[in-house]
Number of protein chains: 2
Amino acid sequence: MRTVKDAKERRDEILDAADELFSQKGFDKTSTNEILEKIGIARGTLYYHFKSKEDIMDALIKRYEKVLFENAEKIAKDKSIPVYERIVKVVKALNISEQGNGQIIDHMHKPQNALMHQKTQATIIKRLTPLLTGIIEEGIEKGLFQTPFPYECMEMAIIYASTIFDSDMIVLSNEQRKERMQAFIYNIGRMLMIEEEGASYLKQIFERKEV
Amino acid sequence: MRTVKDAKERRDEILDAADELFSQKGFDKTSTNEILEKIGIARGTLYYHFKSKEDIMDALIKRYEKVLFENAEKIAKDKSIPVYERIVKVVKALNISEQGNGQIIDHMHKPQNALMHQKTQATIIKRLTPLLTGIIEEGIEKGLFQTPFPYECMEMAIIYASTIFDSDMIVLSNEQRKERMQAFIYNIGRMLMIEEEGASYLKQIFERKEV
DNA sequence: AAATATAGACCGACAGTCAGTCGGTTGGTA
DNA sequence: TACCAACCGACTGACTGTCGGTCTATATTT
């Protein structure tokens, strides 16, 4: 009853199982036993591939990070796409959950679990901020925006959005959500000194999202 | 060897011990055993006063919330203090750790622990935002600021500041810290359309803080 | 082609820790 | 003396991580 597999294959198998369980029940309330029973391996096998339960979480986050940001990075660097459109596309690349393989991450930003959420948010801030900043700087050159602090503006926008819109820390009704989104766009507009057309473009796009 | 105390007294005793241990080692890595050994009570006693370990954490947060915000609220409502000065004082009331009794909270915003941090941040957002919004609205009436979204501005400022300045999620050198602070003041200034004098006043104050 | 060696993958019993429970006890007080 | 809030500590069950040992696929030798 023993099946031997390539380390990589086993690792992925474990990560798949962990992903599903963590997103269902949260990290704390998922036991390592559940993970290994789900794929029919022994305790020692799990700890042969990962040094701790938290290590599994870290690997899981890295796996998502890789997939999502490789895609987002491609878009961000594609100068053939107009600035405003590119911003929208980059953000969408990270939010949307239709990544081919099947069910993927909403839970990347909405884990029932605090530590996982914290770690995820930290990587989003670290990786997304420079991407958007690049685009904004391009926009500045083109006279679309005007600010001495593009990086910090984006940092602030990302932190705010990921706390308010993508986590369950503050619970909002759909109505409130919409209001926050309007105010958010407006405020970013002020920080970047966006001209009228650009602002209303973004407004249209983002107010549609998530009913 | 049995000492009977008023429930309130015992509760506080337990909270004091938990406070010290949580802030030293973090919530997860503090065992309930350590707490009860520290004050010399039995396991059952602890669970007579609190229904779970997390319940202790919640009570601890509430205790801080009460002390800190009662003070902050008083300041916020004192219309004899000029608007700018009042903003500064309210913020200071929450940050500074000289609350009479001895050593208090830095760890309110800087716990090594994700869940505690998340809960703390949630209460800060919920309670501080309306306080500051009130002051800002007064400033708007007086023509100091101008924005259709004072609440959302403050929410954004608070979320950003508590993530960047008061948590160890993003690690900053003192130099970087200073830069962020400058940019932060500048950005808030734009969102609120602060006039020149007000902006430079805030700049002076907040750039001094925390070396 | 058969025998042997090697190492990477796997196993599962076990140790140790911890949160929470429960039946029973004690001391203050009415 | 009766009551009850406060207290006790042994116990349970669940969980993470460890360790010595085993298996199997592949490489190496004969």
Side-chain angles (χ1 to χ4, degrees), chain A residues 1-61 63 111-116 118-119, chain B residues 1-61 63 111-116 118-119:
Chain A
M1 203 61 17
R2 169 187 260 210
T3 38
V4 177
K5 295 186 177 178
D6 242 36
K8 255 197 177 165
E9 201 180 340
R10 255 294 126 79
R11 265 182 76 93
D12 269 332
E13 199 179 4
I14 293 169
L15 289 180
D16 289 341
D19 186 16
E20 202 177 320
L21 289 167
F22 288 171
S23 68
Q24 274 169 17
K25 328 178 42 182
F27 177 77
D28 285 336
K29 294 196 172 167
T30 300
S31 72
T32 50
N33 264 323
E34 291 175 278
I35 297 173
L36 48 97
E37 274 165 19
K38 181 162 186 158
I39 46 183
I41 58 169
R43 224 170 157 56
T45 307
L46 189 139
Y47 280 91
Y48 174 77
H49 293 283
F50 296 94
K51 75 171 202 287
S52 70
K53 192 182 163 189
E54 190 169 340
D55 192 35
I56 298 175
M57 181 175 78
D58 291 339
L60 201 52
I61 292 175
R63 200 172 67 164
Q112 304 86 318
N113 170 261
L115 182 57
M116 191 154 167
Q118 198 182 67
K119 288 189 174 183
Chain B
M1 204 57 21
R2 166 187 263 212
T3 40
V4 177
K5 295 186 177 178
D6 242 36
K8 256 200 176 165
E9 203 179 338
R10 251 299 123 79
R11 264 182 76 91
D12 269 332
E13 200 178 2
I14 293 169
L15 289 179
D16 289 341
D19 185 17
E20 202 175 321
L21 288 167
F22 288 172
S23 67
Q24 276 169 18
K25 328 175 46 183
F27 177 77
D28 285 337
K29 294 196 173 166
T30 299
S31 71
T32 51
N33 265 322
E34 290 175 279
I35 297 173
L36 46 97
E37 274 165 19
K38 181 162 187 159
I39 46 183
I41 58 170
R43 225 165 155 60
T45 308
L46 189 139
Y47 280 91
Y48 174 76
H49 293 283
F50 296 93
K51 76 172 202 287
S52 70
K53 192 183 168 191
E54 190 169 340
D55 192 35
I56 298 176
M57 182 175 79
D58 290 339
L60 201 52
I61 292 176
R63 198 171 69 162
Q112 304 83 320
N113 170 261
L115 181 57
M116 191 156 167
Q118 197 182 66
K119 288 189 175 185

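Computed from a prediction, not measured in an experiment: that's the story for all the values here. Side chains included, hydrogens not; waters and symmetry mates left out as well; all remaining heavy atoms used.
For A:K51 and D:dC19, the NZ to C1' distance is 19 Å, given to the nearest whole Å. Atom CD1 in B:I39 sits about 14 Å away from atom C1' in D:dA6, given to the nearest Å. The distance from atom NZ of A:K29 to atom P of D:dG13 is 20 Å, rounded to the nearest whole Å. What separates CZ of A:F50 from P of D:dT18 is a distance of 15 Å, to the nearest Å. Distance A:L21 CG to D:dC15 P: 12 Å, rounded to the nearest Å. Atom-to-atom, CZ of B:R43 to P of C:dG24 comes out at 20 Å; the value is rounded to the nearest Å. Taking atom NZ of A:K53 as the reference point, atom P of D:dA14 lies 15 Å away to the nearest angstrom. In this structure, CD1 of A:I14 is placed 13 Å from C1' of C:dC11, rounded to the nearest angstrom.
Residues A:G44 and A:N33 each lie close to DNA chain D; by heavy-atom proximity, the contact nearer the 5' end of the strand is made by A:N33. Map B:D28 and B:V4 each onto its nearest nucleotide of DNA chain C; the residue landing nearer the 5' end is B:D28.
Residue A:Y47 has a polar side-chain atom (N or O) positioned under 4.0 Å from OP1 or OP2 of D:dG17. Between B:R10 and D:dC7 there is a side-chain polar atom (N or O) within less than 4.0 angstrom of OP1 or OP2. For the pair B:T32 and C:dA19, the criterion of a side-chain N or O lying under 4.0 Å from OP1 or OP2 is met. Within the structure, every side-chain polar atom (N or O) of B:Y48 is placed at least 4.0 Å from both OP1 and OP2 of D:dC7. One finds no side-chain N or O of B:T45 lying less than 4.0 angstrom from the OP1 or OP2 phosphate oxygen of D:dA6. In terms of phosphate contacts, B:H49 brings a side-chain nitrogen or oxygen within less than 4.0 Å of OP1 or OP2 of D:dC7.
The nucleotide whose nearest atom lies closest to any side-chain atom of B:S31 is, among C:dC18, D:dT18, D:dG21, C:dC18. Considering only side-chain atoms of A:A42, the nucleotide from D:dA6, D:dG9, C:dG12 that sits closest is C:dG12.
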Please assess A:D28 against A:L115 for the test side chain to side chain contact (heavy atoms under 4.5 Å, CB included), listing each intermediate value before the final yes or no.
CA-CA 9 Å; A:D28 285 336; A:L115 182 57; over 6 Å; no
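For D:dC7, its base sits under 3.5 Å from the side chain of B:R2 at one donor and acceptor pair at least.
Annotation: A:K25, atom NZ; neighbour count of heavy atoms from other residues, nucleotides and ligands within 6.0 Å is above 12.
Salt bridge status for B:D16 with B:K38: absent, with no side-chain N to carboxylate O gap under 4.0 Å.
Under the 3.5 Å distance criterion, the side-chain polar atoms of A:E34 are matched with a main-chain donor or acceptor of A:S31. Side-chain atoms of B:E20 never come within 3.5 Å of backbone atoms of B:A17 as a donor-acceptor pair (strictly under, hydrogens ignored).
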